[in-house]
Amino acid sequence: MKKTVFSGMQPTGVGQLGNYLGAIKNWVSLQDEYNCLYSVVDLHAITIRQEPDVLRQNSLDLLAMFISCGLDPDKNIIYMQSHYHGHTELAWLLSCYAYFGELSRQAQYKDKSAKNAENVNVGLFSYPVLQAADILLFGTNFVPVGEDQKQHLELSRDIAIRFNNAYGETFAVPEPLIPKTAARVKSLSHPDKKMSKSDDAGSYISLLDPAETVMKKFKRAVTDSETEIRYDPENKPGISNLLEIYAVTNDMTIQAAASEFAGKNYGALKIATAEAVIGKITDPIQSKYFDLAKNVDYLYEIMRKNAARARDLGDKTLQNVKNKIGLIL
Ligand code: TYM
């Protein structure tokens, strides 16, 4: 029997290069071998205040982006998290098996509550429990994510193990699949930080940036005052980031990329990396996206159909969990 893969992405835009290289690219490579569910996690996005019309548009756009990046909506279950109530229902049940202390230690909660001091809502705090529910709802075996999600994944595993110990084997214990290269793509302007859409526009590549913008951003990427190209993330974070992006975009190892650029200048690496990324995102991703995004009826049809498939799978787990806890079915 095929094993199950689940992953999700917040609809805060159509995604940046880190989302693609750290997550979506790997999702695509898993779609033939596993039963995969990929969700637009709109309920996670509302832990930060959203403009309603913008959230709706971003959710639809991200769904179109998933497909444009190569996810087949017939093979995979691609859907909106909010279209299946099982996520929130299981999240409540699991919240009674998650501890205040372990949630307080989550790095993302500490970061986001510091950045949004005026809106430290309960959802922001219990966010990882909803994420555990997303995963555990489907008997998920593998969760392909970037490195920043590692701590949340550990919590999901702890909750699964705790529940299994209390009630007997109920949940599969999920394993993270974190890529060897590009697990944490760095910001182009602050290469000590991860690339993120919440930073200045020059620091990240949007998957919808036109070729000239991509080239301009890479040319301005912060490097260092030396001249030697070598992979050394500790001392040369900017150059190492470019080498990682170049390597993973061309499906080669970092070592091979580093030896290709040995003795060349920084400008050559910046231009070659920009060209590799442009080659990946303009065609087929953007050309497909601009076609699909117009086809709203088709996108609605996909999300409705796939939410029903998710429901069929998740309801079985939900019934089992409720029964084990002692709720009358
Ligand atoms: P999100 O929406 O922040 O990011 C989606 C995916 O992109 C990866 N990622 C990166 N990878 C490498 N370098 C980067 N700079 C970079 N930035 C983002 C993330 O690691 C992630 O894999 N909580 C999750 C969404 C979520 C989820 C889930 C994931 C909700 N439920 C269940 C897996 C399973 C999040 O906020 O990801």
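Whatever order the structure lists ligands and atoms in, that order sets their numbers, starting from 1. Since the model is a prediction, treat every value here as computed from it, not as a measurement.
Between the side chains of Glu175 and Asn141, not a single donor N or O lies within less than 3.5 Å of an accepting N or O.
Ring-centre distance between Phe125 and Phe100: below the 6.0 Å cut-off.
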Within the protein, flag every N or O under 3.5 Å from an N or O of ligand 1, and note the pair and distance.
unit_1   : atom_1 : unit_2 : atom_2 : d
ligand 1 : 2 (O)  : Gln10  : N      : 2.9
ligand 1 : 4 (O)  : Asn19  : ND2    : 3.4
ligand 1 : 7 (O)  : Asn19  : ND2    : 3.0
ligand 1 : 11 (N) : Gly18  : O      : 3.1
ligand 1 : 13 (N) : Val185 : N      : 2.8
ligand 1 : 15 (N) : Val185 : O      : 2.9
ligand 1 : 15 (N) : Met195 : O      : 3.0
ligand 1 : 17 (N) : Gln16  : NE2    : 3.3
ligand 1 : 20 (O) : Gly146 : N      : 2.9
ligand 1 : 20 (O) : Asp148 : OD1    : 2.4
ligand 1 : 22 (O) : Gly146 : N      : 3.1
ligand 1 : 23 (N) : Tyr127 : OH     : 2.7
ligand 1 : 23 (N) : Gln131 : OE1    : 2.9
ligand 1 : 23 (N) : Gln149 : OE1    : 3.1
ligand 1 : 31 (N) : Asp134 : OD2    : 2.6
ligand 1 : 36 (O) : Gln10  : NE2    : 2.7
ligand 1 : 36 (O) : Tyr127 : OH     : 2.7

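For the pair Lys217 and Tyr204, the cation sits on the ring face: its NZ or CZ lies under 6.0 Å from the ring centre, inside 45° of the axis.
Side-chain contact check for Glu275 versus Met215: some heavy-atom pair is nearer than 4.5 Å.
Under the 4.0 Å criterion applied to side-chain N and carboxylate O atoms, Asp251 and Lys25 are assigned as salt-bridge partners.
A distance-only check finds a donor-acceptor pair linking the side chain of His44 to the backbone of Tyr127 [under 3.5 Å].
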